[in-house]
Amino acid sequence: MNTRWKTNAGSIYNLSYHLIWCPKYRRKVLISPIDERLRELITEKCAEQEWDLKAIEVLPDHVHLFISATPSDSVAYIISQLKGYTAYKLRKEFPSLKHRLPSLWTRSYYVESVGHISEATVKKYIADQKNK
């Protein structure tokens, strides 16, 4: 089968997401050595959950991820796992984060699904189904 798709017991899928989230108050706290440790923690959690981490970029005031997951893993679950795990570990390892922020991450995040085909192509495919 094409490596673009993955399978499980009941489906064939290709689900990828671009995720972005920020520290509370968009503070620029994700600097060395915190940024390196954050990368390690995200990589660990993705491996544990069997999510495919395709790209990661940690900037001083936000995080970008490109990740693939299974249909049974909701975006909300993925975000809660990553933000919860990293906040717990980073605040434990870097006490300065506890003093500067009441919580490490904001409650919000940005997500966009990323696929191999465009929205226009999907709409056209669905519209063309009546003509077959």
Side-chain angles (χ1 to χ4, degrees):
M1 182 171 272
N2 188 326
T3 56
R4 187 174 108 205
W5 300 294
K6 294 183 180 176
T7 62
N8 64 17
S11 61
I12 300 170
Y13 59 92
N14 176 16
L15 294 173
S16 298
Y17 307 104
H18 177 202
L19 304 170
I20 305 171
W21 70 88
C22 307
K24 192 82 166 174
Y25 311 123
R26 194 129 186 189
R27 294 256 167 88
K28 296 179 188 299
V29 296
L30 305 178
I31 54 175
S32 186
I34 295 169
D35 61 340
E36 289 96 9
R37 185 62 178 137
L38 177 58
R39 286 175 194 272
E40 291 170 5
L41 292 170
I42 289 171
T43 302
E44 281 174 20
K45 193 62 166 176
C46 287
E48 175 190 307
Q49 295 288 331
E50 298 180 354
W51 299 325
D52 184 12
L53 181 60
K54 297 180 178 213
I56 182 172
E57 192 62 51
V58 178
L59 288 95
D61 65 347
H62 65 285
V63 179
H64 286 266
L65 294 183
F66 182 35
I67 190 170
S68 290
T70 67
S72 59
D73 293 318
S74 72
V75 174
Y77 176 75
I78 294 167
I79 285 287
S80 70
Q81 289 295 301
L82 292 173
K83 287 170 73 173
Y85 179 71
T86 58
Y88 175 78
K89 293 284 196 173
L90 289 174
R91 288 165 64 86
K92 190 173 181 181
E93 294 174 25
F94 300 96
S96 63
L97 292 174
K98 281 185 174 179
H99 302 296
R100 289 202 61 200
L101 300 167
S103 59
L104 180 56
W105 305 120
T106 62
R107 287 187 283 169
S108 62
Y109 59 90
Y110 169 85
V111 61
E112 183 169 350
S113 60
V114 180
H116 185 72
I117 57 177
S118 70
E119 180 180 330
T121 303
V122 172
K123 285 180 178 177
K124 182 176 178 351
Y125 176 80
I126 292 170
D128 290 345
Q129 293 305 298
K130 279 190 174 182
N131 299 331
K132 287 189 175 185

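Not measured: the values here are computed from a predicted model.
You'll find the side chain of Trp5 stays beyond 4.5 Å of the side chain of Thr7, heavy atoms only. Within the 4.5 Å cutoff, the side chain of Val63 has no heavy atoms near those of the Thr86 side chain. A 4.5 Å side-chain heavy-atom check between Trp105 and Cys22 finds every atom pair outside the cut-off.
Taking Ser68 as the reference, Ser16, Lys54 meet the side chain to side chain donor-acceptor pair (under 3.5 Å) condition, with sequence neighbours excluded. By the salt bridge (Lys or Arg N to Asp or Glu O under 4.0 Å) test, Asp35 is found to be paired with no residue, residues two or more places apart in sequence or in another chain being considered. Contacts of Lys83 classified as salt bridge (Lys or Arg N to Asp or Glu O under 4.0 Å), with partners at least two apart in sequence or in another chain: none. Applying the side-chain contact (heavy atoms from CB on, under 4.5 Å) test to Arg27 and every residue at least two apart in sequence or in another chain returns Tyr25, Val29, Arg100, Leu101. Shown here are the salt bridge (Lys or Arg N to Asp or Glu O under 4.0 Å) partners of Arg37, two or more places apart in sequence or in another chain: Glu40, Glu44, Glu93. Partners of Ser113 according to the side chain to side chain donor-acceptor pair (under 3.5 Å) rule, which considers only residues two or more places apart in sequence or in another chain, do not exist here. Evaluation of the salt bridge (Lys or Arg N to Asp or Glu O under 4.0 Å) rule for Lys98 yields no partner, not counting sequence neighbours.
For the atom pair Asp52 CG and Leu15 CG, the distance stands at 12.0 Å (nearest 0.5 Å). Taking OH of Tyr85 as the reference point, atom SG of Cys46 lies at 10.5 Å (rounded to 0.5 Å). Distance CD1/Ile67 to CG/Leu19: 6.5 Å, rounded to 0.5 Å. Atoms CD1 and CG, from Ile31 and Leu59 in turn, are 12.5 Å apart once rounded to the nearest 0.5 Å. To the nearest 0.5 Å, atoms CG (Leu97) and OG (Ser103) are separated by 11.0 Å. For the atom pair Asp128 CG and Lys123 NZ, the distance stands at 14.0 Å (nearest 0.5 Å).
When hydrophobic residues (I, L, V, M, F, W, Y) are linked wherever their side-chain heavy atoms come within less than 4.5 Å, the members clustered with Phe66 are Val114. Within the hydrophobic cluster formed by Ile, Leu, Val, Met, Phe, Trp and Tyr side chains joined at under 4.5 Å, directly or through other members, Tyr88 stands alone, with no partner residue.
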Test salt bridge (Lys or Arg N to Asp or Glu O under 4.0 Å) applied to Glu50 and Lys6, step by step: CA-CA 12 Å; Glu50 298 180 354; Lys6 294 183 180 176; over 6 Å; no

Show me the donor-acceptor pairs within less than 3.5 Å that the side chains of residues 74-81 make with the rest of the protein, sequence neighbours left out.
residue : atom : partner : partner atom : Å
Ser74   : OG   : Tyr77   : N            : 3.0
Tyr77   : OH   : Gln49   : OE1          : 3.4
Ser80   : OG   : Ala76   : O            : 3.3
Ser80   : OG   : Tyr77   : O            : 3.0
Gln81   : OE1  : Lys45   : NZ           : 3.3

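Judged purely by atom type and a 3.5 angstrom limit, Ser11 has no side-chain atom pairing as donor or acceptor with the backbone of Tyr13.
Listed by first then second residue, pairs satisfying salt bridge (Lys or Arg N to Asp or Glu O under 4.0 Å) with a partner in residues 60-79 read Arg26-Asp61, Lys28-Asp61, not counting sequence neighbours. The ring-ring contact (aromatic ring centres under 6.0 Å, His included) analysis of residues 31-65, with sequence neighbours excluded, yields the pairs His18-His64, His62-His64.
Clustering ILVMFWY residues whenever any of their side-chain heavy atoms sit less than 4.5 angstrom apart, transitively, puts Tyr17 in a cluster other than the one holding Ile20.
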